[in-house]
Protein chains: 2
Amino acid sequence: MTEHDDHRRPGRWRSGAESKQRILQTARDLFGQHGYRGTTVRAIAAAAGVDPAMVFYFFGTKQGLFAAAVEMSDTVPPAIESIFTAGLDAIGERIVRTLLENLDKSDRTPLVMLTRSAPTDDRSETLLREFIDREITDRVAAMLDAPDAALRAGMVNVQILGLAVARYIVRIEPIASSPVEDLVSRFGPLVQHCLTGPTPQPVPTPTPVGA
Amino acid sequence: MTEHDDHRRPGRWRSGAESKQRILQTARDLFGQHGYRGTTVRAIAAAAGVDPAMVFYFFGTKQGLFAAAVEMSDTVPPAIESIFTAGLDAIGERIVRTLLENLDKSDRTPLVMLTRSAPTDDRSETLLREFIDREITDRVAAMLDAPDAALRAGMVNVQILGLAVARYIVRIEPIASSPVEDLVSRFGPLVQHCLTGPTPQPVPTPTPVGA
DNA sequence: GTCTATAATTAGATAGAC
DNA sequence: GTCTATCTAATTATAGAC
């Protein structure tokens with residue numbers, strides 16, 4: 001809804017590419033709000049102001065549309081790069097801030113779309129796993145040379161997923177409506193500790209069972 | 001599948017309650033695996049070995065069945081109590097261990113069912129929010145007298161949700177297949193720090209923007 | 001490129017026999 | 001209580017006119 005190029009060029013560009021873009025944009029919105037199974041092609045078509053048949057004309061199947069909507073990476077890439085090029089110092093803060101700032105301004109981001117879709121759609125589950133591995137785990141693990149690099153990166157994934165789910169999917173308070181900076185000052189150090197903190201002892205307190 | 005009372009009492013108990021229980025059990029399994037929208041009444045009936053019509057006979061609607069399956073709290077209650085009755089000491093460990101142990105032995109727990117269903121079903125989203133508030137946030141916040149008690153409890157929610165999603169929904173490695181004790185020794189102190197750690201400064205490093 | 005059918009399938013839900 | 005048959009509505013997807 002934000003920045004629509006509504007000046008329809010009369011001649012050039014045959015005019016079909018415009019509909020395709022509107023469909024994609026709308027698809028990202030709805031998939032991001034209701035997930036894969038919760039979003040119908042008809043709903044997307046209606047919201048985009050086109051005929052349902054056009055969706056299939058452009059993207060073949062619903063899955064094809066979803067795939068196109070997911071890999072449209074017009075938001076994250078440039079921001080993500082700057083996280084890792086600055087080294088391990090204060091990287092926790094940068095991860096949290098970048099995550100929240102990107103997700104706050106548009107919940108039609110791949111991370112949200114996939115997180116909403118994964119629970120009911122097997123293909124989305126795989127896509128989300130791959131997305132997280134490629135975009136986060138691999139980069140984070142590559143910066144560490146500790147033997148437990150994978151586990152530490154996994155802990156960061158837990159923070160990111162937990163934050164995304166609590167703030168954007170389930171909307172739990174006060175996480176859902178806290179200012180970005182508040183969450184950065186809380187979760188930044190936490191993420192930093194996951195990556196560069198000391199390795200904990202196996203079981204400090206065995207916690208005796210029973211009464 | 002674990003403990004089925006298969007000795008069908010000939011006369012007493014009319015014999016209908018048995019089917020009802022089988023349906024409920026199966027419903028928890030499937031809702032926990034595929035979420036609300038990803039599970040059909042017919043699939044539940046088939047897996048339970050009964051006719052689809054019986055499901056509606058007992059529970060009226062699909063939503064009714066889901067509600068009944070969710071509020072069947074046969075797993076968590078006793079374990080949850082012991083977490084909070086032992087005070088703030090090592091509570092992080094207890095929270096993480098209890099969570100993982102309960103979820104590991106049956107992913108048909110309310111937490112998983114709701115977390116799988118919430119992203120595509122509005123009613124489940126609300127139910128999950130209420131469940132978390134009632135079962136976790138309120139109890140945790142009540143133990144703290146700090147002014148930021150709500151935020152700290154929210155941070156614990158992020159840990160729990162992130163752990164649940166990463167391990168049971170999206171199955172991200174190495175979180176998905178790490179032994180419980182490994183995760184306890186990692187996330188226990190983390191959760192503890194969320195609750196009893198020092199309050200962080202607003203913005204330690206303002207992170208200058210641009211090049 | 002765009003739209004009007006319409007096919008093929010599937011899901012939730014009901015009526016009524018047994 | 002249990003099952004057969006069925007209704008209704010919605011969905012993905014296709015064929016073909018314009």
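Reminder, nothing fancy here: chain letters follow the sequence lines and each chain counts from 1.
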- Item | NZ/NE/NH1/NH2 to OD/OE distance under 4.0 Å, E93(A) and R97(A) | yes

- What class does the angle between the rings of F31(A) and F66(A) fall in, given that below 30° is parallel, 30 to 60° is tilted and above 60° is perpendicular? perpendicular

- Taking NZ from K20(A) and C1' from dT2(C), how many angstroms apart are they, rounded to a whole number? 15 Å

- For atom CG of L65(B) and atom C1' of dA13(C), their distance in whole Å: 14 Å

- Query: Should the ring pair H193(B) and H193(A) be called parallel, tilted or perpendicular, given that the plane angle runs from 0 to 90° and is split at 30 and 60?
  - Reply: parallel

- Message: Using whole Å, what does the distance between atom P of nucleotide dT14(C) and atom CG of D51(B) come to?
- Response: 15 Å

- Message: Over all strands shown, is F58(B) touching base, sugar-phosphate only, or nothing at heavy-atom distances under 4.0 angstrom?
- Response: sugar-phosphate

Polar-atom pairs under 3.5 Å, protein N or O versus N or O of nucleotides 11-18 of chain D: list them with distances, or write none.
residue: dT12(D); atom: OP1; partner: V41(A); partner atom: N; Å: 3.3
residue: dT12(D); atom: OP1; partner: K62(A); partner atom: NZ; Å: 3.3
residue: dT12(D); atom: OP2; partner: V41(A); partner atom: N; Å: 3.3
residue: dA13(D); atom: OP2; partner: K62(A); partner atom: N; Å: 2.9

- Given dT2(C), is OP1 or OP2 found less than 4.0 Å from the side-chain N or O atoms of S19(A)? yes

- Query: Taking OH from Y57(A) and P from dG1(C), how many angstroms apart are they, rounded to a whole number?
  - Reply: 5 Å

- Provide the full list of salt bridge (charged side-chain N to carboxylate O under 4.0 Å, His left out) pairs with a residue in residues 43-62 of chain A, sequence neighbours left out, each pair given once. none

- Query: Under 4.0 Å between a Lys/Arg side-chain N and an Asp/Glu carboxylate O for R152(B) and D148(B)?
  - Reply: yes

- To the nearest Å, how far apart are I23(B) CD1 and dC3(D) P? 10 Å

- Are R129(A) and E125(A) close enough for a salt bridge, meaning some N to O gap below 4.0 Å? yes

- Write down the distance between CD1 (I44(B)) and C1' (dA11(C)), rounded to a whole number of angstrom. 12 Å

- Item | Distance, rounded to the nearest Å, where F59(B) contributes CZ and dT2(D) contributes P | 12 Å

